[in-house]
Amino acid sequence: MTMDNPQAENRVLVVIPARFGSTRFPGKALADLGGSPLIVRVMEMAQGIELADEVVAATDDIRIQEAVRAAGFACEMTADHPTGTDRIGEVADRHAAGIILNLQGDEPLLDPGEVDRLIRTLQADPGIDLATCAHPFADEASWKDPNQVKVIRDARGQALYFSRAPIPGTFPGRESAAFRGALRHVGIYAFRRRALQQFLQMDRTPLEMTEGLEQLRALENGMRIQVLEIVAAPVGVDTPSDLEKVRKLWRQQTGS
């Protein structure tokens, strides 16, 4: 969709991709959390994003669409896509919005205020293509875990590199403090519309394929990624054991 109305540049679209066939946890979008499906709880959380003009779930499964709509929220069907970013791109093409948020459909405990911070970052600096979040590592062990993605920032807070490896490298004798030189990446993205369109037209890049990190495609093509530091990562649901942790936290926070 082209945006003939200049006011559309200021509109913010939040898209929450959700699929049924999760590799580690099939059907997790519909797993129960306090009496409602997980995806519905995420949609409820997203209503607290003050700067959002629209919040839409995006799925290729009719069961997820029915659950979201039954709860009174918007959900659009998409084609089968290789990544959540591709799914978001399809939905974004149908809406007039200058900023598009990619939120995970498995993080119901995310602080919506952090999402507003990402939006304000793009609104304040037109030179930034996209913004994301990261937080300090708690210890050296988590920094060495290849499943925890590290990001190194420059003096402006912009991403220099993302890696599964324990970066930065260390000078002999300084290894114990190295984990404080990186932040753990949290997969929430705020795209400027033109940046999202450009990103989806790019071929996959060598470092992206080596590391298995989609955001490296943006860096390898010269895009500016602002990385906001947050206190800690939201607790997400990747496995059934993660769901039990989230259920416990949910009961503590809501009493239900």
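Computed from a predicted structure; not experimentally measured. In this chain, numbering begins with 1 at the start of the sequence shown.
The two residues P136 and E229 make their nearest non-hydrogen contact at CG-OE2, 3.3 Å. Minimum interatomic distance between A52 and V55 (heavy atoms only, all atoms of both residues): CB-CG2, 4.1 Å. Across all their heavy atoms, V115 and L110 have their closest contact at CG2-CD2, 3.7 Å. The shortest heavy-atom contact between V246 and G236 is CG2-O, 4.2 Å. Closest approach of D145 and K150 over heavy atoms only: O-NZ, 2.6 Å. Heavy-atom minimum distance, I128 versus R224: CG2-O, 3.9 Å.
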- prompt: Can you list the steps and then say if R247 with D32 is a side chain to side chain contact (heavy atoms under 4.5 Å, CB included)?
  reply: CA-CA 9 Å; R247 282 173 172 163; D32 180 78; 4.0 Å; yes

message: As a quick check of understanding, evaluate salt bridge (charged side-chain N to carboxylate O under 4.0 Å, His left out) for D203 and R217, giving each step before the final call.
response: CA-CA 8 Å; D203 293 330; R217 187 189 317 173; over 6 Å; no

query: Yes or no on side chain to side chain contact (heavy atoms under 4.5 Å, CB included) for R87 and D60, after CA distance, side-chain angles and deciding distance?
result: CA-CA 9 Å; R87 194 180 308 282; D60 57 3; 3.6 Å; yes

message: Please evaluate residues M202 and E220 with respect to the criterion side chain to side chain contact (heavy atoms under 4.5 Å, CB included), reporting the C-alpha separation (whole Å), side-chain torsions for both, the decisive distance (0.1 Å), and the verdict.
response: CA-CA 10 Å; M202 296 170 181; E220 287 183 82; over 6 Å; no

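Taking CZ of R184 as the reference point, atom CD of Q148 lies at 4.5 Å (rounded to 0.5 Å). Of the inter-residue distances, the one linking H95 atom NE2 with L13 atom CG reads 5.5 Å to the nearest 0.5 angstrom. Between the CG atom of L118 and the CD1 atom of I49 there is a distance of 9.5 Å, given to the nearest 0.5 Å. Separation of atoms CZ (R180) and CD (E140) is listed at 9.5 Å; rounding is to 0.5 Å. Here the CD1-OH distance, from I225 to Y189, works out to 7.0 Å after rounding to the nearest 0.5 Å. Note that CD of Q65 and CG of D61 are 9.5 Å apart. Values are rounded to the nearest 0.5 Å.
Qualifying side-chain hydrogen bond (donor to acceptor under 3.5 Å, both in side chains) partners for D116, counting only residues two or more places apart in sequence or in other chains: none. Residues satisfying the salt bridge (Lys or Arg N to Asp or Glu O under 4.0 Å) criterion with E114, sequence neighbours excluded, are R117.
Applying the salt bridge (charged side-chain N to carboxylate O under 4.0 Å, His left out) test to residues at least two apart or on different chains, the pairs with a partner in residues 43-52 are R41-E44. A ring pair (Phe, Tyr, Trp, His ring centres under 6.0 Å) check over residues 19-44, counting only residues at least two apart or in different chains, returns nothing. For residues 64-77, every residue pair satisfying the salt bridge (charged side-chain N to carboxylate O under 4.0 Å, His left out) rule, not counting sequence neighbours, is listed here: E76-R94.
When the options Y161, F137, F162 are evaluated for a ring pair (Phe, Tyr, Trp, His ring centres under 6.0 Å) with H185, the one that passes is F162.
The closest donor-acceptor contact from the side chain of T59 to the backbone of R19 lies at 3.5 Å or more, if one exists at all. Side chain of R192 to main chain of L122: a donor-acceptor pair is present (N/O by atom type, distance under 3.5 Å, no hydrogens or angles). In this structure a side-chain-to-backbone donor-acceptor pair under 3.5 Å is present from E90 to A79. The backbone N or O of M223 lies less than 3.5 Å from no partner atom in the side chain of N221, so there is not a single donor-acceptor pair. Checked by atom type and distance alone, the side chain of W143 pairs as donor or acceptor with a backbone atom of I167 at under 3.5 Å. Q47 contributes a side-chain N or O that, together with a main-chain N or O of M43, makes up a donor-acceptor pair within less than 3.5 Å. Of the possible polar contacts, one joining the R193 side chain to the A92 backbone as a donor-acceptor pair under 3.5 Å is found. With hydrogens and angles ignored, the 3.5 Å screen pairs a side-chain donor or acceptor of Q226 with a backbone N or O of R156. A donor-acceptor contact shorter than 3.5 Å is absent between the side chain of R164 and the backbone of L213. Checked by atom type and distance alone, the side chain of D242 pairs as donor or acceptor with a backbone atom of D238 at under 3.5 Å.
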Side-chain atoms of residues 101-109: list all donor-acceptor pairs with protein atoms under 3.5 Å, sequence neighbours left out, distances to 0.1 Å.
from : atom 1 : to   : atom 2 : distance (Å)
Q104 : NE2    : G187 : O      : 2.8
D106 : OD2    : K28  : NZ     : 2.7

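When side chains are defined from C-beta on, K245 does not count as touching V237, because their heavy atoms never get closer than 4.5 Å. Side chains of P17 and I88 form a contact here, defined as non-hydrogen atoms less than 4.5 Å apart. V231 is not listed as a side-chain neighbour of H135, based on a closest heavy-atom distance of 4.5 Å or more. The closest side-chain heavy-atom distance from L30 to R63 is below 4.5 Å.
Hydrophobic clustering of Ile, Leu, Val, Met, Phe, Trp and Tyr side chains at less than 4.5 Å, counting indirect connections, unites L207 with I152. In terms of hydrophobic clustering, with Ile, Leu, Val, Met, Phe, Trp and Tyr side chains grouped at heavy-atom distances under 4.5 Å, I119 and I100 are assigned to different clusters. M209 and L219 are not part of a single hydrophobic cluster, where members link through side-chain heavy atoms under 4.5 Å apart. No continuous path of ILVMFWY side-chain contacts below 4.5 Å connects V151 to I230, so the two sit in separate hydrophobic clusters. In the hydrophobic clustering of this structure, L130 groups with F199; members are Ile, Leu, Val, Met, Phe, Trp, Tyr whose side-chain heavy atoms approach within less than 4.5 Å, directly or through other members.
Using modelled atom types, one finds a donor on one side chain and an acceptor on the other under 3.5 Å when comparing T85 with E214.
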